[in-house]
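Data block below; observations after.
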Amino acid sequence: MAIKFGRPIELRDAPRRQAETLAAPSLDLTIRLRRNRKTEWARRLVRENVLTTNDLIWPMFVVDGHNTRTPVASMPGVERLTVDQIVRDAERAAKLNIPCIALFPFTEPALRDAEGSEALNPDNLVCQSVRAIKKEFPDIGVLCDVALDPFTSHGHDGLLEDGKILNDETVAVLVKQALTQAEAGCDVIAPSDMMDGRIGAIRDALDDNGFGDVQIMSYAAKYASAFYGPFRDAIGSAKTLTGDKRTYQMDSANSDEALREVELDIAEGADMVMVKPGMPYLDIVRRVKDTFAMPTFVYQVSGEYAMIAGAAANGWIDGERAMMESLVGFKRAGADGILTYFAPQAAEKIRAES
Ligand SMILES: NCc1[nH]cc(CCC(=O)O)c1CC(=O)O
Ligand SMILES: [Mg+2]
């Protein structure tokens, strides 16, 4: 039915109802969208998007030591965990039915060097964690980030020469890092470095080395963002980072370019693609999902978490409602899943309400 000014065109010539009295004015509206919002049951009935526990990937920070949990100051409620404690949180994830966890290491400064060589140590914190988690909870998905920044003395994701990040030389190292993680038992390789050509190179190497079943989730459209600040505190690269990452991460003003990045990563063999950060880039999530119909993920990054958790801790917003609103917003934008530090809280809330 064609509609103009709130009155169906077919009804435009029909006699109008008289307003009852002037004291109680009544608009002559045939259509009132508020009817469907009147009651909780009706709101539930017409709800278009739902967040479920199946949508969640829980990022965790691992640190050397034993039986220790250290709060990350800029991420209220998030801690760095020793390997034994990572296994305890993996257990919590498994009990909450969260499908997948993501691992990020805090590397001791003494182990960092210009080449990020600790990334290739088969006994580094990430590999230790993967083995420990898989031993106790083989059915939970484990995702490992591929990039050199937790391991380099300069805090960049790649190899640095004369102030420049080398692309192809970095890709050669990332391939070795991915193989090291696959060897440890990682299920999903997630390159976050934004070098050109790394997805294809990693896919080839995985296939050639008997890891044909290891999935790749590409950080395909990753922007140079101020919202990564608390993460860099958490992995200890905030103070060491020289300069910024704008020669490899995307310019936040760009949208078409994100489609080109995603298209290439799909062509090179990505099984799943990701947009990062999340809340300021919902338009990118929507365009990527509509254009490629791929499993599309979004990372609600540390700074987004900090904004909500920090404001909530001050009593400025209702933290739980802001959390759920932000997460369903990703679903509405077309995301199939969300990497979020809120994963355990959100899963608990979903469970309590079902
Ligand atoms: N390449 C490393 C990496 N992987 C995930 C994040 C950020 C995640 C977050 O902020 O929560 C970063 C930081 C960066 O690129 O500087
Ligand atoms: Mg790319």
Side-chain angles (χ1 to χ4, degrees), residues 57-61 72 74-75 77-78 80 102-107 116 119 126 143-152 154-158 165 167-168 170-171 173-174 177-178 189-203 216-252 254 257-270 273-281 288 297-309 338-343:
I57 298 176
W58 180 4
M60 298 180 186
F61 298 110
V72 178
S74 51
M75 300 179 72
V78 173
R80 290 188 205 107
L103 298 172
F104 298 93
F106 174 97
T107 309
V126 168
L143 177 152
C144 293
D145 198 86
V146 172
L148 298 182
D149 56 317
F151 310 100
T152 50
H154 45 71
H156 279 287
D157 294 29
I165 300 297
N167 192 89
D168 301 12
T170 297
V171 170
V173 182
L174 297 175
Q177 180 183 15
I189 294 291
S192 72
D193 53 287
M194 287 298 278
M195 296 302 119
D196 290 325
R198 88 283 205 215
I199 298 299
I202 290 172
R203 183 72 270 163
I216 296 180
M217 180 187 291
S218 163
Y219 288 70
K222 176 171 175 179
Y223 288 85
S225 174
F227 291 97
Y228 305 150
F231 173 94
R232 292 178 191 165
D233 290 339
I235 67 160
S237 71
K239 288 197 190 76
T240 49
L241 180 63
T242 48
D244 58 51
K245 301 190 177 183
R246 283 185 282 187
T247 69
Y248 44 107
Q249 299 178 347
M250 284 180 59
D251 184 334
S252 57
N254 294 356
E257 187 188 353
L259 300 186
R260 299 180 69 205
E261 284 284 4
V262 171
E263 182 172 34
L264 279 170
D265 285 2
I266 295 169
E268 290 177 27
V273 295
M274 191 210 296
V275 173
K276 176 186 175 195
M279 284 156 17
Y281 299 90
V288 167
F297 290 78
V298 60
Y299 200 141
Q300 183 179 47
V301 300
S302 55
E304 302 175 66
Y305 175 89
M307 285 196 300
I308 295 174
I338 306 147
L339 290 93
T340 175
Y341 304 95
F342 286 122

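Residues take their numbers from the sequence shown, with the count starting at 1. In each ligand, atom 1 is the first atom listed, and ligand 1 is the first ligand listed.
Evaluated for a side-chain contact (heavy atoms from CB on, under 4.5 Å) with Arg198, the options Thr170, Asp168, Asn167, Asp265 yield exactly one hit, Asp265.
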Practice item. Just do the side chain to side chain contact (heavy atoms under 4.5 Å, CB included) check on Ile165 and Asp157 with the steps written out, would you? Key: CA-CA 8 Å; Ile165 300 297; Asp157 294 29; over 6 Å; no

Exercise for review: Evaluate ring pair (Phe, Tyr, Trp, His ring centres under 6.0 Å) for Tyr281 paired with Tyr223, printing each intermediate quantity in order.
Suggested key: CA-CA 9 Å; Tyr281 299 90; Tyr223 288 85; 4.2 Å; yes

Check your understanding: Given the rule in the side chain to side chain contact (heavy atoms under 4.5 Å, CB included) test, do Met250 and Lys222 qualify, once you have shown the distances and angles that lead to the verdict?
Key -> CA-CA 6 Å; Met250 284 180 59; Lys222 176 171 175 179; over 6 Å; no

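In this model, no donor atom of one side chain and acceptor atom of the other lie less than 3.5 Å apart for Ser237 and Asp149.
Listed by chain and number, residues touching ligand 1 at under 4.0 Å (heavy atoms only) are Phe104, Asp145, Ala147, Asp149, Asp157, Ser192, Lys222, Phe227, Tyr228, Phe231, Arg232, Lys245, Gln249, Lys276, Tyr299, Val301, Ser302, Tyr341.
Residue contacts to the Mg ion (ligand 2): Glu261 brings an N, O or S atom closer than 2.8 Å.
When all heavy atoms are compared, the tightest approach of Leu148 to Ala119 is CD2-CB, 3.9 Å.
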